[in-house]
Amino acid sequence: MRKKVAVVTLGCPKNQVDSEVMSGLLAQNHIFIENPEEADVIIVNTCTFIQSAKEESIETIFEMASLKKSGTCQTLIATGCLAQRYGSELMQDIPELDGVLGTGNIDEITQLVQTAEGSRTSLIKQGTPDFLHNEQMPRRRSTPDYLAYVKVAEGCDNYCTYCVIPHVRGRFRSRTEESVIHEVQEMAAQGVKEILVMGQDTTRYGQDLYKEFRLPQLIRKLAQIEGIEWIRLMYCYPERFTDELIETMRQEPKVCKYIDLPLQHADNKILKDMNRRGTIEQAETLIGKLRKAIPNITLRTTMITGFPGETEQEFQTMVDFIQRVQFDRLGVFAYSQEENTPAGQREDQVPPEVREQRRDQIMQIQQEISRQRQQRWVGQVVTVLLEMKLPDGRWMGRTEGDAPEIDGQVYIPDTQTSLHVGDMIRVRITEADIYDLMGVVIS
């Protein structure tokens, strides 16, 4: 009798791809269900990026552990970044946990499930994780039929002083163009319309394999695949954003006029302390180039407040930059002091309450910027990908300027026209607020 499996995924979309690969490997001999309370095997794919992510991962493991008493769970497994980083501690501190699987051992999930059913087992590759999925591995996608994440590379070589990702994900390594193209062709055949292309450092794609940045060439080849309508680029580091990539975005209609450009700070001293490459002047020049080449581009960034040693003046430099550049979307993290990182070992830590106060101040400033930026869409006709019909009859969807899960929505009144989830329709925008748009269907 095949056992029922539930996978709980935490963290970023890159983690979601790992869950989908593990699910694909397990699918041959297991039945997948959504409700962990009814599962025989529960897999928690964890995150360890910042303190709040670690806490959420640990809380979720404990929550799932309780289902060994109240539910049908027989086997509980933790995978992902937290498992890679703290696998031994998790096994020691949580007796209900039957197994842990590191990021370098994803292809061994079936073996672990089988072994852990009889004895508690840890499969974590010591040293540098080196797993890299390919198009031949089965993958059970958990996204809607019209949407898929495409991880073109794994790992990171940047070694930002606040970040543990290189240690839990390994060195930067690209998939081959052929592997990515084959995977996207299969996705298109299954009805996928939008792909989100990503790596930990997407703009670096190809440097290790081909000795040059190959993202523009890859995008042009993906755009030729029939059925793919939107290609969205995520996690694009500014120092490797070439003029060729800008020109590819400008020329290729399938590439969403949207860029996720994580800057993290706007003061050059702090950027240097973070071990971020390039200067804020170079980043601002790139933003100018992007807006000149693609006037309607939507720009998203992330910032960190309260990095060790950040003075009030350095924080104000970031505030001035944000007010000057006017990003469409901006997320902020209060700095998280991570053990075994250079930044975490510094003695000039900014008090947590100051980090959070500065974060809240940035978010308040960005709300007004977003409100103003959103108004430029009023009166324009845009393409909207429909995602859901709400109980009140309205439809909800996204423009190419909105990434799933993290950005805004477009709300459309009930219409007599026959619409379906996954349709791409033309909508005239009539209203805008800080995050969302409202509009009517253009027949």
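In this text the structure is predicted, and so the values were computed from the model without any measurement. Residue numbers start at 1 and run along the sequence shown.
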Taking atom types as modelled, find out whether T9 and N15 have a side-chain donor-acceptor pair closer than 3.5 angstrom.
no

Could E154 and R171 be called an ion pair, given the rule that one side-chain N must be under 4.0 Å from one carboxylate O?
no

Would you call E56-K54 a salt bridge at under 4.0 Å N-O?
no

Does the structure place the NZ or CZ of R204 under 6.0 Å from the centre of the six-membered ring of Y237, at an angle of no more than 45° from the ring's axis?
no

Would you call D402 and R300 a salt bridge, taking side-chain N to carboxylate O under 4.0 Å as the test?
no

Worked check of side-chain hydrogen bond (donor to acceptor under 3.5 Å, both in side chains) between S142 and Q16
CA-CA 8 Å; S142 55; Q16 186 168 340; 3.1 Å; yes

E177 backbone acceptor or donor facing Y210 side chain under 3.5 Å:
yes

Hey, is the main chain of Y258 close enough, under 3.5 Å, to the side chain of T298 for a donor-acceptor pair?
no

In plain terms, say whether D18 and K151 are close enough for a salt bridge, that is, a side-chain N and a carboxylate O under 4.0 Å apart.
yes

Could K14 and Y235 be counted as a cation-pi pair, given that NZ or CZ must be under 6.0 Å from the ring centre and within 45° of the axis?
yes

Residues D40, K4: salt bridge by 4.0 Å N-O rule:
no

I'd like to know if R169 and D130 make a salt bridge, using a cut-off of under 4.0 Å between side-chain N and carboxylate O.
no

Salt bridge D201-R240, side-chain N to carboxylate O under 4.0 Å:
yes

Between F315 and H265, is the ring centre distance below 6.0 Å?
no

Taking atom types as modelled and ignoring hydrogens, do the side chains of E244 and T242 form a donor-acceptor contact shorter than 3.5 angstrom?
no

Looking at every non-hydrogen atom in both residues, tell me the closest pair between M424 and L385 and how far apart they are.
CG-CD1, 3.8 Å

Nearest-0.5 Å distance, CZ of residue R394 to CD1 of residue I412
10.5 Å

Does E239 come within less than 4.0 Å of R276, counting only side-chain N to carboxylate O?
no

How about N268 and E281: does a side-chain donor come under 3.5 Å of a side-chain acceptor?
yes

Can E38 and T72 be counted as having a side-chain donor-acceptor contact under 3.5 angstrom?
no

Would you say Y146 and E387 are linked by a side-chain donor-acceptor pair, where the criterion is simply a distance under 3.5 Å?
yes

Any chance the side chains of E108 and N105 put a donor and an acceptor closer than 3.5 Å?
yes

Just list the side-chain donor-acceptor pairs under 3.5 Å for residues 189-200, sequence neighbours left out, or say none.
from : atom 1 : to   : atom 2 : distance (Å)
Q190 : OE1    : R141 : NH2    : 3.3
K193 : NZ     : G422 : O      : 2.7
E194 : OE1    : R398 : NH1    : 3.3
E194 : OE1    : R398 : NH2    : 2.6
E194 : OE2    : R232 : NE     : 2.8
E194 : OE2    : R232 : NH2    : 3.0
E194 : OE2    : R398 : NH1    : 3.4

Do the rings of F321 and F327 sit parallel, tilted or perpendicular, given the 30° and 60° boundaries?
tilted

Are the side chain of N275 and the backbone N or O of N158 linked by a donor-acceptor pair below 3.5 Å?
yes

